[in-house]
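Right, one structure below, let's go through it.
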Amino acid sequence: MKEPCQGERRLCGESIFKTGKAMTDPNKIIINLALFGMTQSGKSSAGNILLGSTDFHSIFAPCSVTTCCSLGRSCHLHSFMRRAGREVALQFQVLDTPGYPHSRLSNEHVKREVKEALTHHFGQEGLNLALLVQRADVPFCGKEVTYPVQMIQELLGHAWMNYTAILFTHAEKIEEAGLNEDKYLHEASDILITLLNSIQHKYVFHYKKGKSLYEQRMKILERIMEFIKENGYQVLTFK
Ligand SMILES: Nc1nc2c(ncn2[C@@H]2O[C@H](COP(=O)(O)OP(=O)(O)OP(=O)(O)O)[C@@H](O)[C@H]2O)c(=O)[nH]1
């Protein structure tokens, strides 16, 4: 049976200078990200931080808020990256997705919606990184926490581990509990530790308190760019 949305790899950094739109602007790199996670895990809010905008509707609710996928684009970020002695402008494209599991939509519906959106937005250009958005103050255990990981595996295919990182939201709760990131991860559930091992410890914590929005954003973007560089700017494409 054909693997769904089976990805093929190519070097984004190379091809961006050789093919497509980017050929017209060799000083620009587009980074494509997709957010996955359970309902109310903080996906839209994380998307807004990444974009430096309020494009995605983010609100507390006792049910799922996001019902369809949407793509947001950041402004160009200068002075963030240099290549071959030249400043390269970075633009982030972020795909927000409905919570999985969802309070109103079936799992099949959400999966189909996300699959179509990945193909539509990143089918040709490719996806640099999937971010599993997980609340740090909610224990990672039980059957439901594994659903978004299963969806990532199904949609990204066998190489999913190379293209997945965890974005822990509500990280301020860790500090409030007198822990730090290392202690938190040391005490994490076996299932979370196994997942972190699979994705080569690609994770970032998001603290809503303390630092300015700009600082919060830069910290997360720098970490994300480290993961993408370590992965050789490879992307997953979708058919
Ligand atoms: N304290 C705190 N609140 C957060 C954090 N991230 C998100 N929130 C809040 O959590 C609520 C839900 O956030 P959303 O970003 O809308 O969550 P979502 O995953 O997109 O939600 P659904 O679309 O319903 O699946 C909002 O009130 C956010 O302000 C965080 O890191 N810390």
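As the structure is a computational prediction, the values presented were derived from the model and not from experiment.
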Are any side-chain N or O atoms of [X] and backbone N or O atoms of [Y], one a donor and one an acceptor, separated by less than 3.5 Å?
X: Asn107; Y: Tyr100; value: no
X: His102; Y: Thr66; value: yes
X: Ser41; Y: Met38; value: yes
X: Gln216; Y: Lys211; value: yes
X: Gln93; Y: Arg73; value: no

Enclosure of Asn197 CG (heavy-atom neighbours >12, cutoff 6.0 Å): yes
Say whether [X] and [Y] are linked into one hydrophobic cluster, either directly or through other cluster members, by side-chain heavy-atom distances under 4.5 angstrom.
X: Val114; Y: Leu71; answer: yes
X: Leu77; Y: Ile228; answer: yes
X: Phe80; Y: Tyr214; answer: yes
X: Leu156; Y: Met161; answer: yes
X: Leu167; Y: Met218; answer: yes

Stepwise side chain to side chain donor-acceptor pair (under 3.5 Å) check, Ser44 with Ser58: CA-CA 5 Å; Ser44 305; Ser58 167; 5.6 Å; no
Look up atom [atom1] in [X] and atom [atom2] in [Y], then write down how far apart they are to the nearest 0.5 Å.
X: Ile49; Y: Ser74; atom1: CD1; atom2: OG; value: 13.5 Å
X: Asn48; Y: His57; atom1: CG; atom2: NE2; value: 10.5 Å
X: Ile193; Y: Ser198; atom1: CD1; atom2: OG; value: 12.0 Å
X: Glu116; Y: Cys68; atom1: CD; atom2: SG; value: 11.5 Å
X: Lys43; Y: Phe56; atom1: NZ; atom2: CZ; value: 11.5 Å
X: Gln150; Y: Trp160; atom1: CD; atom2: CH2; value: 10.5 Å

Should [X] and [Y] count as side-chain neighbours, where that means a heavy-atom distance under 4.5 Å?
X: Cys63; Y: Thr39; result: no
X: Leu195; Y: Leu132; result: yes
X: Gln153; Y: Thr164; result: no
X: Tyr163; Y: Ile152; result: no
X: Leu221; Y: Leu90; result: no
X: Arg217; Y: Leu213; result: no
X: Asn180; Y: Ile174; result: no
X: Met81; Y: Ile29; result: yes

Pair listing, salt bridge (Lys or Arg N to Asp or Glu O under 4.0 Å) test, anchored in [range], at least two apart:
range: residues 131-145; value: Arg135-Asp137
range: residues 169-187; value: Lys173-Glu176, Glu176-Lys209
range: residues 91-108; value: Glu108-Lys111

Trace of the side chain to side chain contact (heavy atoms under 4.5 Å, CB included) decision for Glu230 with Gln200: CA-CA 11 Å; Glu230 278 165 18; Gln200 303 112 44; over 6 Å; no
Check against side chain to side chain contact (heavy atoms under 4.5 Å, CB included), Glu87 and Asn27: CA-CA 7 Å; Glu87 198 174 87; Asn27 301 320; over 6 Å; no
Any idea which heavy atoms bring [X] and [Y] closest together, and the distance?
X: Pro98; Y: Glu113; result: CG-CG, 4.3 Å
X: Ala165; Y: Ile199; result: CA-CD1, 4.1 Å
X: Asn32; Y: Leu127; result: O-CD1, 3.5 Å
X: Lys115; Y: Leu155; result: CB-CD2, 3.8 Å
X: Gln124; Y: Thr237; result: O-CG2, 3.5 Å
X: Val145; Y: Pro139; result: CG1-O, 4.1 Å

Stepwise side chain to side chain contact (heavy atoms under 4.5 Å, CB included) check, Leu131 with Ile224: CA-CA 9 Å; Leu131 288 168; Ile224 284 174; 3.8 Å; yes
Check against side chain to side chain contact (heavy atoms under 4.5 Å, CB included), Leu129 and Asn231: CA-CA 10 Å; Leu129 197 66; Asn231 210 19; 6.0 Å; no
Side-chain hydrophobic cluster, 4.5 Å single linkage: members besides Ile59: Val65
Inter- and intrachain pairs under ring pair (Phe, Tyr, Trp, His ring centres under 6.0 Å), touching residues 181-211, at least two apart: Phe168-Tyr184, Phe168-Phe205, Tyr184-Phe205, Tyr203-Phe205
Contacts of Arg223 that satisfy salt bridge (charged side-chain N to carboxylate O under 4.0 Å, His left out) - sequence neighbours left out: Glu226
